[in-house]
Amino acid sequence: MTNNGRRQRGSVLGRLVFLGLIVFGVWYFYVKWWPKNNFEHFDGRLNSAITRELTHQGVTDKDVLSQVRKEHSLRFLRWVETSRTIQVSSSDRAQDVSKGLQDVSEHLGCSIDQQQTPSGQEITIKRYFWVMQRILLVISTPLQTPQKMQKGPRVAFVIDDVAYETASMDHFATLGVPLTFAILPRERHSKELSAKAIGMNFPVMLHLPMEPLDVVHNDPGPTGMYLKMSDAELKKQFDRNVASVPNIVGINNHMGSAFTENEAKMALVMEWVKKRGVYFLDSRTTGHSVVCKEAKRFGVPCLANETFLDNSDDVKSIEKQLDLVMKLAVKEGQTIAIGHYRRKFLVQALADKLPEFKSRGIEVVTLPTLYRR
């Protein structure tokens, strides 16, 4: 082989090696590196791990004094930074919690900075250079106890019809207030949505489909509880629906204007709810509901929705409903309002109005908090 032939062969081999390295680099980036370092996925993993550790340490939702989630974007990186203020009973408890958070963070490849501030022990968790979590541990004082905090008017926002996709939950989380998510059963993302909500420290309910008066135009679908069903069929449907949404603390009706007027059928449901040890929220889709009446007979904690926020999906209409919610909270001490997961303008209207809730001394709480009052 001539020198020229050898040079050509070497050039071809060099190009092939170069192309092979490029292919390997692309493969490694997308198959190995990116799944582990994709911030959109990683912040969810980290938040779930932090929440599990806090639960393991005995931190409950009443100990979380505030929680704010802030979206960040930097070129191709997107992530959500979570900031929480958590009440602990003593400096020893603060040290235990911070040690647990350090172990979890380092296990996931994060760095953690801790410093004592006048407000409490401040913990900052970073992935590379970017802050993913901020946690402030404050020692409880008589002014910070839950009993003192619960004296003012309170409102619980329940987000119904949670299904179909997971991204909308992130938008609600950016509001930085406690919410309760009611998840439709046996949908493609039901279990995933439940896990995501729990990871964000939001309580989860089963949004149980029930027969409406106008079933022709408002069909609850194959997961619905129908008046024509036998007791055995209803029990099977109920059990399958409950099993499809893990970690529920309560149940509320989806539609159900016909079903919730039927004493015999609701008595069956309350018997099964009682055995599950969860509460029931009457969505109040009819003025003739017997839900809480039957719940009382079976010893099931029951409250009722007072306001639908977004029957008209525009900012002005939703804000008008939020004004009504504030009046009810001040007048009655507490109230419950229902919004819907896929409404286009609900998050915007809430973001606009929440400062007014705060200025009027109205506390936003999770729905289970109202059952404990």
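Note that these values count all heavy atoms, side chains included, but never hydrogens, waters or copies made by symmetry.
Atom CZ of R284 is surrounded by 12 or fewer heavy atoms from other residues, nucleotides or ligands within 6.0 Å.
Looking only at distances, no side-chain donor or acceptor of T335 sits under 3.5 Å from a matching main-chain atom of V325. Listed for the D63 side chain is a donor-acceptor partner under 3.5 Å among the backbone atoms of T60. Between the side chain of S359 and the backbone N or O of E356, at least one donor-acceptor pair lies under 3.5 Å. In this structure, the side chain of N241 does not engage the main chain of P185 through any donor-acceptor pair within 3.5 Å. Although no hydrogens or angles enter the test, the distance criterion places a donor-acceptor pair under 3.5 Å between the side chain of Q237 and the main chain of G224.
Residue R127 holds its CZ atom at 11.0 Å from OG of S105, rounded to the nearest 0.5 Å. In this structure, NZ on K320 lies 12.5 Å from CG on L322, to the nearest 0.5 angstrom. For the atom pair OH (Y341) and OH (Y164), the distance works out to 11.5 Å, reported to the nearest 0.5 Å.
Taking all atoms of both residues into account, the shortest heavy-atom contact from L193 to A163 is CD1-CA, 3.6 Å. The minimum heavy-atom distance linking L328 with E306 is given by the pair CD1-CB, 4.2 Å. D160 approaches S283 most closely through the heavy-atom pair OD2-OG, 4.3 Å. When every heavy atom of Q114 is checked against every heavy atom of S98, the shortest pair comes out as OE1-CB, 3.2 Å. The two atoms that bring V215 and P220 nearest to each other are CG2-CD, 4.0 Å, heavy atoms only. Annotation for Y371 and L367: closest pair CD1-O, 3.4 Å, computed over non-hydrogen atoms.
With respect to K236 and E233, no salt bridge is recorded, no charged nitrogen being found less than 4.0 Å from a carboxylate O.
Residues I135 and I50 form a side-chain contact, since some pair of their non-hydrogen atoms from C-beta on lies under 4.5 Å apart. At a threshold of 4.5 Å between non-hydrogen side-chain atoms, the residues L184 and T223 do not count as touching. A heavy-atom distance below 4.5 Å is not found between the side chains of E211 and K265. Counting only heavy atoms from C-beta outward, the side chains of L101 and L54 approach each other to under 4.5 Å. Within the 4.5 Å cutoff, side-chain heavy atoms of F259 are placed close to those of M266. Residues K99 and D103 meet the side-chain proximity criterion, which asks for heavy atoms closer than 4.5 Å. M255 has its side chain out of reach of M210: every pair of non-hydrogen atoms, C-beta onward, lies at least 4.5 Å apart. Between V88 and I139, the closest side-chain pair of non-hydrogen atoms falls below 4.5 Å.
Checked against the 6.0 Å centroid threshold, F357 and F157 count as a close aromatic pair.
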In a table with atom names and distances, give each donor-acceptor pair under 3.5 Å that connects a side chain of residues 270-277 to protein atoms at least two apart or in another chain.
{"from": "K274", "atom 1": "NZ", "to": "G299", "atom 2": "O", "distance (Å)": "3.3"}
{"from": "R276", "atom 1": "NH2", "to": "D239", "atom 2": "OD1", "distance (Å)": "3.1"}

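Judged purely by distance below 3.5 Å, without hydrogens or angles, the side chains of N201 and T51 never pair a donor atom with an acceptor atom.
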Give the intermediate values and the outcome of side-chain hydrogen bond (donor to acceptor under 3.5 Å, both in side chains) for residues N253 and T260.
CA-CA 8 Å; N253 53 293; T260 58; 4.8 Å; no

